[in-house]
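These notes concern the structure reproduced below.
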There are 2 protein chains.
Amino acid sequence: MKKNTGPKKMDDIARLAGVSKPTVSRALQDSPLVSDETKQRILDIAKRHGYVVNRSAQNLRRRRTDTIAVVIDFPHLPENRLSDPFHFELLANIANALAVRQQDVLLCSERSAHQGGFEHMLANKGVDGIILLGQAGRHEEFRALAKAGVPFVVWGAHRADASYCILGSDNPLGGRLVAQRFRSLKRKRAMFLGPRGHLEIEQRHRGFAEAWGTAVEELEVPDLSFAASRNAMLKRLDSGKAAPDAVFAGSDTMAMGALSALRERGIVVPEACSVCGYDDSPSAVHHAPALTTVRQDTRLAGAILVERLMQIIQGTPAAPVLLPTDLVVRGT
Amino acid sequence: MKKNTGPKKMDDIARLAGVSKPTVSRALQDSPLVSDETKQRILDIAKRHGYVVNRSAQNLRRRRTDTIAVVIDFPHLPENRLSDPFHFELLANIANALAVRQQDVLLCSERSAHQGGFEHMLANKGVDGIILLGQAGRHEEFRALAKAGVPFVVWGAHRADASYCILGSDNPLGGRLVAQRFRSLKRKRAMFLGPRGHLEIEQRHRGFAEAWGTAVEELEVPDLSFAASRNAMLKRLDSGKAAPDAVFAGSDTMAMGALSALRERGIVVPEACSVCGYDDSPSAVHHAPALTTVRQDTRLAGAILVERLMQIIQGTPAAPVLLPTDLVVRGT
DNA sequence: GCTTTTTTTGAAATCGATTGCAAAGACTGC
DNA sequence: GCAGTCTTTGCAATCGATTTCAAAAAAAGC
């Protein structure tokens with residue numbers, strides 16, 4: 001009569017190796033407290049029997065999970081704030097950077113994360129820290145979070161008064177670079193395209209408008225989608241007013257929407273109108289013509305977000321970081 | 001002298017409510033064993049004190065984590081990480097379907113998942129089940145996994161002899177649909193473009209070739225990327241051989257690569273050459289001209305993958321599923 | 001009013017690891 | 001040969017919940 005308790009537990013391995021449970025635990029952690037000989041024997045036995053430590057038990061005892069929550073809005077959820085390939089690019093890079101540090105990634109939708117409030121996510125989701133993609137103006141909430149001692153970092157618009165670690169590209173600079181380029185192309189009727197109330201995009205707008213000097217037409221769109229942007233542009237082009245000869249869109253996806261509308265109305269890009277996006281998402285290169293855009297280095301962003309978060313988890317506060325951007329001139 | 005043990009534990013709430021720990025636990029689970037009055041009081045106190053159950057402790061005791069691992073890296077296709085928009089689409093839909101069922105998502109790279117082998121992931125990563133995106137010919141490994149009783153489902157190419165639950169679109173049908181369309185357009189020189197050794201793509205190829213009847217030129221590319229596909233096509237067009245007048249690419253990203261090469265060599269699409277992709281990823285619509293492609297319904301796929309996995313976790317075996325596909329005719 | 005049943009509650013065991021502390025064994029030095 | 005170190009090992013407590021089982025309280029039955 002064998003009692004088959006399913007997967008092996010640490011006690012089983014201990015018995016098989018003729019040692020006690022603590023010794024097995026130490027051997028698996030490569031602790032110097034165990035003699036090399038014993039260690040090797042235990043490791044062998046563990047491997048042979050396919051033993052792995054139970055993560056749930058380990059998490060409980062160590063009060064640490066080596067898991068980080070990444071909170072992101074999914075495109076098809078009702079309020080699609082961040083429906084962009086850019087965010088997935090960023091996610092992939094974050095996941096990579098975390099993997100290097102042996103951390104697991106818990107992917108949370110904005111809604112599920114917010115269920116019990118961010119402040120309870122550590123206990124509630126069993127994670128050691130949080131990476132928030134996109135802040136959408138919840139500055140105050142984040143301030144409180146930081147004060148409560150929750151380890152988190154945010155990807156979003158830089159702001160001088162942030163008491164937490166926020167990482168973002170230099171949006172005003174990006175806007176200025178685009179203005180400069182349009183000026184050097186001798187463009188006259190500049191337009192900015194994007195939704196209102198989105199902090200990062202408003203910073204891009206402001207940087208652009210200030211560097212441009214004279215009036216910038218603002219074309220508002222309801223959200224960040226291709227379709228919304230295309231529709232808004234179509235409507236604008238059909239309004240009878242003189243068409244713009246330089247369009248700066250708040251993201252690549254919106255730029256592509258605008259391009260679609262321009263093409264449809266027979267406005268030739270880049271001859272009759274220059275178009276510039278933001279993000280340098282992969283699709284910008286694939287697009288025909290390839291999109292001129294402001295680059296955000298997602299690889300670097302992912303690496304720094306993770307590095308800072310780890311630092312914060314270890315107790316060292318981390319200051320906001322502003323990432324440089326540059327203009328990638330392509331076919332539009 | 002207050003002893004500040006950080007976040008509240010269940011015992012604290014019990015004390016505050018003047019009941020015992022088990023009662024609090026039951027109240028939080030809305031168990032019928034607790035009187036409504038007591039339940040309400042406990043819930044109030046818990047909320048007021050911002051109490052949430054500790055997930056690690058809960059996981060350990062319940063021997064269940066309500067967390068599903070999604071493994072998303074393809075082993076021998078380095079370019080194909082999260083970078084293909086299709087996978088990211090699928091991931092988002094899976095995440096969404098899991099959220100509806102109150103399950104969390106642990107995002108695992110192929111490598112980290114494979115660290116200790118899939119068979120140990122449940123204990124090792126602390127998940128209840130696994131969703132594998134892309135199977136890339138590890139049929140035997142999966143067979144063993146299934147035999148070992150690990151709950152998992154796979155997104156990939158259908159095969160008749162699968163002893164595990166595999167879900168995929170009807171790739172041969174997709175290929176046939178494309179062949180039909182090319183035939184109705186009176187095309188003569190058909191080409192298939194894609195890497196070898198990728199099961200799903202080979203099925204598309206086969207369906208296409210069989211339905212086409214006469215010889216199909218095969219253009220091999222090293223991976224699924226835009227660049228690889230563009231390069232391969234450029235090289236082919238420069239070879240001096242007659243250019244194809246109908247190209248079926250194994251994915252949208254590759255189709256866009258091919259389109260880029262065709263455009264560059266002055267071959268007008270769709271007049272001189274028809275192009276068809278596979279996936280119907282969002283970028284297919286955004287592309288100019290909009291891509292004709294075979295649709296894979298990621299929303300449905302995500303929903304079914306999750307539904308089946310839940311079923312398997314509950315002990316009911318689930319058979320493979322073949323999803324229907326259809327051709328979406330657009331501008332190419 | 002007193003048993004019987006039903007509804008609520010709590011004591012204690014348990015999930016599977018990690019770790020502080022004490023003890024046993026192996027080495028040193030003199 | 002024996003006190004004093006240093007290295008290894010194991011006992012027992014602990015992490016924070018859930019669940020079984022028995023007991024107490026309340027309601028019902030007659």
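The chains referred to below are lettered A, B, ... by the order of the sequence lines, with proteins before strands, and numbering in each begins at 1.
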What about A:Arg61: does its side chain form a donor-acceptor pair under 3.5 Å with the base of D:dT14? yes

Without decimals, in angstroms, what is the distance between A:Gln40 CD and D:dT8 P? 15 Å

Is there a donor and acceptor pair closer than 3.5 Å between the side chain of A:Lys9 and the base of C:dA17? no

With a 4.0 Å cut-off on N to O distance, would you call A:Lys9 and A:Asp12 a salt bridge? no

Between atom CD1 in B:Ile42 and atom P in C:dT8, what is the gap in whole Å? 13 Å

From C-beta outward on A:Ser20, which listed nucleotide comes closest to its side chain: D:dC21, C:dT18, D:dG10? D:dG10

Check: B:Ile13 and B:His49 side chains under 4.5 Å, non-hydrogen atoms: yes

For B:Lys8 and D:dG16, what is the distance between atoms NZ and C1' respectively, to the nearest whole Å? 15 Å

Are any of B:Thr38's side-chain N or O atoms less than 4.0 Å away from OP1 or OP2 of C:dT9? yes

Is the shortest side-chain N/O distance from B:Gln58 to OP1 or OP2 of D:dT18 below 4.0 Å? yes

So, A:Arg308 side chain and A:Ile166 main chain: donor-acceptor pair closer than 3.5 Å or not? no

Among A:Leu122, A:Leu106, A:Ile68, side-chain contact (heavy atoms from CB on, under 4.5 Å) partner for A:Ile130: A:Leu122

Tell me whether the side-chain N/O atoms of B:Ser35 come closer than 4.0 Å to OP1 or OP2 in C:dT7. no

Let me know the distance between CG of A:Leu33 and C1' of C:dG25, rounded to the nearest Å. 15 Å

Under a 4.0 Å threshold between the charged nitrogen and the carboxylate oxygen, would A:Arg299 count as salt-bridged to A:Asp297? no

Would you mind classifying the nucleic acid contact of A:Ser56 as base, sugar-phosphate or nothing, using non-hydrogen atoms under 4.0 angstrom? nothing

Closest to side chain of A:Val34, choosing from C:dG10, D:dA17, D:dT9: D:dT9

Starting the side chain at C-beta, find the nucleotide from D:dG16, D:dT18, C:dT8 nearest to A:Arg63. D:dG16

Output yes when at least one side-chain N/O atom of B:Tyr51 is less than 4.0 Å from OP1 or OP2 of D:dG16, else no. no

Contact under 4.0 Å: A:Thr23 side-chain N or O vs D:dT9 OP1/OP2: no

Spacing of B:Leu60 atom CG relative to D:dC15 atom C1', expressed in whole Å: 9 Å

Could you pick out which residue, B:Gly18 or A:Val24, lies toward the 5' side of DNA chain C when each is mapped onto its nearest nucleotide? B:Gly18

Rounded to whole Å, CZ of A:Arg62 lies from P of D:dG16 at a distance of 16 Å

Output yes when at least one side-chain N/O atom of A:Gln29 is less than 4.0 Å from OP1 or OP2 of C:dA17, else no. no

Tell me: NZ of A:Lys125 to P of D:dG16, nearest whole Å? 20 Å

Would you mind telling me which of D:dA17, D:dT18, C:dA17 lies closest to the side-chain atoms of A:Asn54? C:dA17

Ignoring hydrogens and geometry beyond distance, is the side chain of B:Arg26 in donor-acceptor contact with the base of C:dG10 at under 3.5 Å? yes

What is the distance, rounded to the nearest whole Å, between atom CG of A:Asn59 and atom C1' of C:dG16? 11 Å

Before you tell me yes or no, could you show the steps for B:Leu133 and B:Ile94 under side-chain contact (heavy atoms from CB on, under 4.5 Å), namely the whole-Å CA-CA distance, both residues' side-chain angles and the distance that decides it to 0.1 Å? CA-CA 10 Å; B:Leu133 264 32; B:Ile94 289 172; 3.8 Å; yes

